[in-house]
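Here's the structure we're looking at; comments come further down.
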Amino acid sequence: MKHIEHDRLYTDLQYRYDYVASVIGFTKEDQELIKKSASVVAGLVPTIVDAVYDKLHNYDITWKHFDQDQEGLKVQANAKSDEDHVSMGSEVIKFRKTMLTKYLKKLVTAEWNLSFLKYLDWVGHIHTTTPLKKSSINVEYIHCNALLGYVAAVVVGALQKSTEWNDDTRDQIVNAYNKFFWLQNDFFSRYYVKDRVLTDGEKKAVAIEEEIKENAVRRELRSESMLNAVVGIVAGLIIGSVGYKHFGSS
């Protein structure tokens, strides 16, 4: 019988992940299977993202959260529709769709190390009203749980229709994703379900770790945005140069 240190489950992210992954049976082989699906999932990302936001738009109780200022983006007054909610084509929804796109792409490309675990943990953390968080978003767990279940169903449903692999490989990939989404759900629930009250010393240690984690994720997201902007500028210059040369030679 393996001994599990109770307190470390609430203070040590890697230790918590290792325990939950062990119980679920999520292994390195599952990690590799998820990476193996990258070529298929990449093509499905736009469809998945649109389906998720169509689902959120079906309910006022979920859509209302986009009426608030987001992390790094303020909601403009003219972005709201006649029902006093932001429209599907607003900048805030485009921003949120971009974030979900990055999440799905990172899932199939990232190395499964502590840095990635902190990112998955951050995804859960930013939706809560915990005092450790700097943004104002506060989404109740019932909505996070329901949406994560829907995301899992959309992703798994799309994978099951793929003809990229034989039946056995496809079943293994689907199973790996099912396990993953339960792991992601734990990274949400740890900020909502209070199984244990931390001591003052543990709260301080966790607060420091949370600040380090959030700053690291923000830097990474800013770097990705800057890289995309640079790529866009360079591509524009190349296209413009080619067009100029073609025009000049005609």
Side-chain angles (χ1 to χ4, degrees), residues 1-38 40-41 44-45 48-49 51-53 55-56 62 99-128 130 137 139-162 165 168-196 206 210 213 217:
M1 181 182 294
K2 183 177 182 179
H3 173 66
I4 299 298
E5 298 178 39
H6 176 270
D7 291 353
R8 283 188 68 187
L9 294 174
Y10 302 93
T11 59
D12 186 329
L13 183 64
Q14 181 73 59
Y15 190 80
R16 181 186 181 103
Y17 164 79
D18 289 342
Y19 166 72
V20 176
S22 176
V23 173
I24 293 175
F26 187 78
T27 65
K28 289 184 178 180
E29 286 72 22
D30 291 309
Q31 297 170 10
E32 292 304 315
L33 284 166
I34 288 176
K35 284 186 177 182
K36 189 173 185 177
S37 72
V40 172
V41 171
L44 297 172
V45 166
I48 294 171
V49 170
V52 168
Y53 278 85
K55 176 63 70 173
L56 288 169
T62 52
M99 297 298 286
L100 179 56
T101 297
K102 288 181 178 180
Y103 169 81
L104 293 170
K105 290 182 177 179
K106 188 180 288 289
L107 171 59
V108 296
T109 58
E111 294 299 322
W112 282 79
N113 50 31
L114 183 56
S115 177
F116 183 52
L117 295 185
K118 288 180 178 180
Y119 171 75
L120 296 178
D121 187 62
W122 175 81
V123 169
H125 188 201
I126 59 172
H127 290 82
T128 70
T130 170
I137 300 174
V139 183
E140 294 164 322
Y141 180 65
I142 183 174
H143 310 305
C144 294
N145 182 55
L147 183 63
L148 191 59
Y150 179 72
V151 173
V154 171
V155 173
V156 167
L159 290 171
Q160 286 176 326
K161 295 176 183 177
S162 174
W165 316 287
D168 185 53
T169 300
R170 183 171 57 249
D171 289 346
Q172 290 177 354
I173 291 174
V174 166
N175 194 33
Y177 272 90
N178 278 325
K179 295 176 187 178
F180 164 76
F181 282 114
W182 280 106
L183 285 165
Q184 179 65 83
N185 189 53
D186 182 63
F187 287 126
F188 273 88
S189 66
R190 72 188 294 254
Y191 291 105
Y192 293 92
V193 181
K194 304 302 180 184
D195 290 330
R196 175 181 176 276
V206 170
E210 292 295 341
K213 175 188 67 183
V217 172

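No experiment lies behind these values; they were computed from the predicted model shown. Counting begins at 1 with the first residue of the sequence.
Rounding to the nearest 0.5 angstrom, the gap separating the OG atom in Ser37 from the CD atom in Gln172 is 12.5 Å. Rounding to the nearest 0.5 Å places NZ of Lys105 at 10.0 Å from NZ of Lys102. Separating the CD1 atom in Ile24 from the CG atom in Asn178 is a distance of 10.5 Å, to the nearest 0.5 Å. A distance of 10.5 Å separates CG in Leu9 from CG in Asp18, rounded to the nearest 0.5 Å. Annotation: the span from Leu44 atom CG to Leu159 atom CG amounts to 7.0 Å, rounded to 0.5 Å. Separation of atoms CG (Asp12) and CG (Asp7) is listed at 11.5 Å; rounding is to 0.5 Å.
Atom CD of Glu140 sits in a sparse spot, with 12 or fewer heavy atoms from other residues, nucleotides or ligands closer than 6.0 Å. The neighbour count for Tyr19 OH, taken as heavy atoms of other residues, nucleotides or ligands under 6.0 Å away, does not exceed 12. Applying the 6.0 Å contact sphere to CH2 of Trp165 captures more than 12 heavy atoms from other residues, nucleotides or ligands.
Formation of a donor-acceptor pair under 3.5 Å by the Ser189 side chain with backbone atoms of Asp186 is found in this model. A side-chain donor-acceptor contact under 3.5 Å links Tyr15 to the backbone of Glu5.
None of Ile173, Val108, Leu107 except one satisfies the side chain to side chain contact (heavy atoms under 4.5 Å, CB included) rule with Val41; the exception is Val108.
Between Trp112 and Phe180, the angle of the ring planes goes over 60°, which puts this pair in the perpendicular group of the 30/60° scheme. Note on ring orientation: taking the six-membered ring where Trp is involved, the planes of His125 and Tyr191 are parallel (angle under 30°, cut-offs 30° and 60°).
Residues Phe26 and Tyr17 have side chains in contact (heavy-atom distance under 4.5 Å, counting atoms from C-beta outward). Between Leu13 and Phe187 there is a side-chain heavy-atom pair separated by less than 4.5 Å. Counting heavy atoms from C-beta on, the side chains of Gln31 and Phe116 never come closer than 4.5 Å. Between Arg190 and Asp121 there is a side-chain heavy-atom pair separated by less than 4.5 Å. A 4.5 Å side-chain heavy-atom check between Lys35 and Glu111 finds at least one atom pair inside the cut-off. Leu114 places a side-chain heavy atom less than 4.5 Å from the side chain of Lys118. Between Val49 and Leu104 there is a side-chain heavy-atom pair separated by less than 4.5 Å.
When all heavy atoms of Ile48 and Val154 are compared, the closest pair comes out as CG1-CG1, 3.9 Å.
For residues 23-34, the set of pairs meeting the salt bridge (Lys or Arg N to Asp or Glu O under 4.0 Å) definition, not counting sequence neighbours, comprises Asp30-Lys179.
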Inset, instruction - Take Val151 and Phe181 through the test side-chain contact (heavy atoms from CB on, under 4.5 Å) and record every step on the way to the result. - result: CA-CA 9 Å; Val151 173; Phe181 282 114; 4.0 Å; yes
Legend entry - His127 vs Tyr192, side-chain contact (heavy atoms from CB on, under 4.5 Å): CA-CA, chis, key distance, verdict: CA-CA 10 Å; His127 290 82; Tyr192 293 92; 3.8 Å; yes
Inset, instruction - Run the numbers on Thr169 and Lys36 for side-chain contact (heavy atoms from CB on, under 4.5 Å), then give the verdict. - result: CA-CA 10 Å; Thr169 300; Lys36 189 173 185 177; 3.9 Å; yes
